[in-house]
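Notes to accompany the following structure.
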Amino acid sequence: MQIKGDHAELYVGGRLDVRSAADARSALHTALDGGNGDLVLSLARLDSWDATGLGVIMGAHRRAGRCGRRLVLRDVPPQMQRLLVATRLHRILAIEGETLTKP
């Protein structure tokens, strides 16, 4: 997993899973704590995520709210869009474009 960017936009690539969760959580917390306004999380290069990775995203969403910010997902791959719809998390998370596919 790779995360690049700053306090306003992060680009995530590879796999967001149990092996990369701690690093991803740390990068997201640093970005959220060090900036203001929306934090955009671009997922175009994300290959996959598991339940742990989804938990990291939800944790970052909650932390963003506590920081007075908003976590916005951008370029969500179709497979992950279907998971967000199936789990109804698309109703909670801010997703740019909101053109999610149905499961």
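For the atom pair CG (Leu71) and CD1 (Ile92), the distance works out to 12.5 Å, reported to the nearest 0.5 Å. Note that CD of Gln81 is 11.0 Å distant from CD of Gln79, once rounded to the nearest 0.5 Å. To the nearest 0.5 Å, atom CD1 of residue Ile57 and atom CZ of residue Arg25 are 10.5 Å apart. A distance of 11.0 Å separates CG of Leu28 from CG of Asp23, quoted to the nearest 0.5 Å. Taking NE2 from His29 and SG from Cys67, the interatomic distance works out to 8.5 Å, rounded to the nearest 0.5 Å. Note that the CG atom of Leu84 and the CG atom of Leu93 stand 6.0 Å from one another [nearest 0.5 Å].
A search for side-chain contact (heavy atoms from CB on, under 4.5 Å) contacts involving Ser48 returns Arg15, not counting sequence neighbours. Applying the side-chain contact (heavy atoms from CB on, under 4.5 Å) test to Arg66 and every residue at least two apart in sequence or in another chain returns Arg62, Arg63. Not counting sequence neighbours, the partners of Asp50 by the side-chain contact (heavy atoms from CB on, under 4.5 Å) test are Asp17, Val18, Thr52. Arg70 meets the side-chain contact (heavy atoms from CB on, under 4.5 Å) test with Asp38, Val72, Ala94; sequence neighbours excluded. Applying the salt bridge (charged side-chain N to carboxylate O under 4.0 Å, His left out) rule to Arg74 yields the partners Glu9, Glu96; only residues at least two apart in sequence or on another chain are considered.
Other residues, nucleotides and ligands contribute more than 12 heavy atoms inside 6.0 Å of the CG atom of Asp33.
There is no path of hydrophobic side-chain contacts, each under 4.5 Å, that joins Val40 to Leu43. With hydrophobic clusters built from ILVMFWY side chains whose heavy atoms lie under 4.5 angstrom apart, Met58 shares a cluster with Leu10.
Taking Ile, Leu, Val, Met, Phe, Trp and Tyr as hydrophobic and joining them when side-chain heavy atoms fall under 4.5 Å apart, one finds Tyr11 isolated, its cluster having no other members.
Remark: the backbone N or O of Ala22 is not paired with any side-chain donor or acceptor of Ser26 at under 3.5 angstrom.
When all heavy atoms of Pro77 and Leu46 are compared, the pair lying nearest together is CG-O, 3.7 Å.
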